[in-house]
Amino acid sequence: MENYTKQDKTGSGVSKSGSSSQSSPEEVPAYRRYPAVQFKSTGTRLTMQEYLDAVQISAEDKAELKELILKIFKDYETEATAKGYPNDWALAYVSYVGLNSHVYYGKTEKPIIAFEQNLGLRDVVAEQATDNGIFNNVTDQEKQELYELMVLLGGLTYHFYEKALKENNVQEMENCKLSAAQNLKLIGIKPQ
């Protein structure tokens, strides 16, 4: 995970061949697909409304939050699809851990969401999940719900952290760090 936020020497973090502006998704070799961690999407957001209903904020703020969540999903899914991993639980998991670790440890450089080092970690996670039968009795809908929660919580935590950094809001940065720690604990990681 140490390399999660490393960027290339030009500072862009994106190589010409790895740009998300490609016209077609990268072709993932069959041996790296690990179908057990992928799901067929329902075509709708399964967790967003429940999340919004649980948040105690004004209707206007909820509308803004909904737009932010939709943008987080769009940005994440555009990058994941460009890399050939749409609807992939393992990549969402790696991104979730990476974003929350980024916030918890107070990194200030931009993270790299769906690029090569994440794909390598994704393959390790996908292989372990497959080999250990973690998803043997899990439906596509359940995988989608887990995926959505990771994209949503990781993306929101990072968004509010980035906002706090820009505003130099120390209290909000600390709140984000606490949220990131809680997010990591949800999946059994105890940050130190």
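This is a predicted model, so every value here is computed, not measured.
- M150 and A92 make their closest contact through CB-O, 4.1 Å (heavy atoms, listed as atom of the first residue, atom of the second, distance).
- To the nearest 0.5 Å, the span separating NZ on K40 from CG on N87 amounts to 9.5 Å.
- Note: the hydrophobic cluster containing I189 also contains L152 (ILVMFWY, side chain heavy atoms under 4.5 Å, direct or indirect links).
- For the pair F160 and S179, the minimum side-chain heavy-atom distance is 4.5 Å or more.
- Under the 4.5 Å side-chain contact rule for hydrophobic residues, L70 and V55 share a cluster.
- Scanning both residues, K107 and L165, for their nearest heavy atoms gives O-CD1, 4.2 Å.
- Heavy atoms only, all atoms of each residue included: V28 and G84 are closest at CG2-O, 3.4 Å.
- Across all non-hydrogen atoms, the minimal contact from I69 to M48 is CG2-SD, 3.6 Å.
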E27 and R33: CA distance, side-chain angles, deciding distance, salt bridge (charged side-chain N to carboxylate O under 4.0 Å, His left out) verdict
CA-CA 10 Å; E27 183 64 34; R33 288 197 191 120; 3.0 Å; yes
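- No more than 12 heavy atoms of other residues, nucleotides or ligands sit less than 6.0 Å from atom CD of E60.
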For salt bridge (charged side-chain N to carboxylate O under 4.0 Å, His left out), just list the numbers for E77 and R45, CA-CA rounded to whole Å, side-chain angles, deciding distance to a tenth of an Å, and then say yes or no.
CA-CA 13 Å; E77 290 171 345; R45 296 283 171 224; 2.7 Å; yes
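- Between the CE atom of M173 and the OG1 atom of T108 there is a distance of 10.0 Å, given to the nearest 0.5 Å.
- Y161 places a side-chain N or O within 3.5 Å of a backbone atom of G106 that can act as its donor or acceptor partner.
- Between the CD atom in E145 and the CD atom in E50 there is a gap of 8.0 Å [rounded to 0.5 Å].
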Only distances under 3.5 Å count here; give the side-chain donor-acceptor pairs of residues 130-137 to other protein atoms, sequence neighbours excluded, each with its distance to 0.1 Å.
unit_1 : atom_1 : unit_2 : atom_2 : d
T130   : OG1    : A126   : O      : 2.8
N132   : ND2    : Q128   : O      : 2.9
N132   : ND2    : Q128   : OE1    : 3.3

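- From T157, atom OG1 reaches atom CG of N183 across 4.0 Å, with rounding to the nearest 0.5 Å.
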Salt bridge (charged side-chain N to carboxylate O under 4.0 Å, His left out) between R32 and D123, worked out
CA-CA 7 Å; R32 287 183 49 208; D123 288 351; 2.6 Å; yes
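- Although no hydrogens or angles enter the test, the distance criterion places a donor-acceptor pair under 3.5 Å between the side chain of T42 and the main chain of T44.
- No chain of hydrophobic side-chain contacts below 4.5 Å, direct or via other Ile, Leu, Val, Met, Phe, Trp or Tyr residues, connects L149 to V151.
- When the side chains of ILVMFWY residues are joined at heavy-atom separations under 4.5 Å, either directly or via intervening members, L46 and L52 end up in two distinct hydrophobic clusters.
- The closest side-chain donor-acceptor pair between T78 and D75, if any, does not fall under 3.5 angstrom.
- Note on Y51: it clusters hydrophobically with L186, by side-chain heavy-atom contacts below 4.5 Å among ILVMFWY residues.
- Between L121 and the options L91, V97, V94, a side chain to side chain contact (heavy atoms under 4.5 Å, CB included) holds for only V94.
- The minimum heavy-atom distance linking S95 with N118 is given by the pair OG-ND2, 4.1 Å.
- By the ring pair (Phe, Tyr, Trp, His ring centres under 6.0 Å) test, F39 is found to be paired with Y147, residues two or more places apart in sequence or in another chain being considered.
- The distance from atom CD1 of I187 to atom CG of L184, rounded to the nearest 0.5 Å, is 6.0 Å.
- Using modelled atom types, one finds no donor on one side chain facing an acceptor on the other under 3.5 Å when comparing Q144 with D140.
- Checked by atom type and distance alone, the side chain of N100 pairs as donor or acceptor with a backbone atom of Y96 at under 3.5 Å.
- Residues Q38 and Y34 have side chains that never bring a donor and an acceptor to within less than 3.5 angstrom of each other.
- Put simply, CD on E79 and NZ on K74 are 11.0 Å apart, with the number rounded to the nearest 0.5 Å.
- Side-chain atoms of K143 come within 3.5 Å of backbone atoms of A36 as a donor-acceptor pair (strictly under, hydrogens ignored).
- For K71, the NZ atom sits in a loose shell: 12 or fewer heavy atoms of surrounding residues, nucleotides or ligands are nearer than 6.0 Å.
- In this structure, the side chain of E142 engages the main chain of T139 through a donor-acceptor pair within 3.5 Å.
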For F73 and E148, run side chain to side chain contact (heavy atoms under 4.5 Å, CB included): C-alpha distance rounded to whole Å, both residues' side-chain angles, the deciding distance at 0.1 Å, then the answer.
CA-CA 8 Å; F73 276 119; E148 285 183 14; 3.9 Å; yes
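- Minimum heavy-atom separation, I72 to G155: CD1-C, 3.6 Å.
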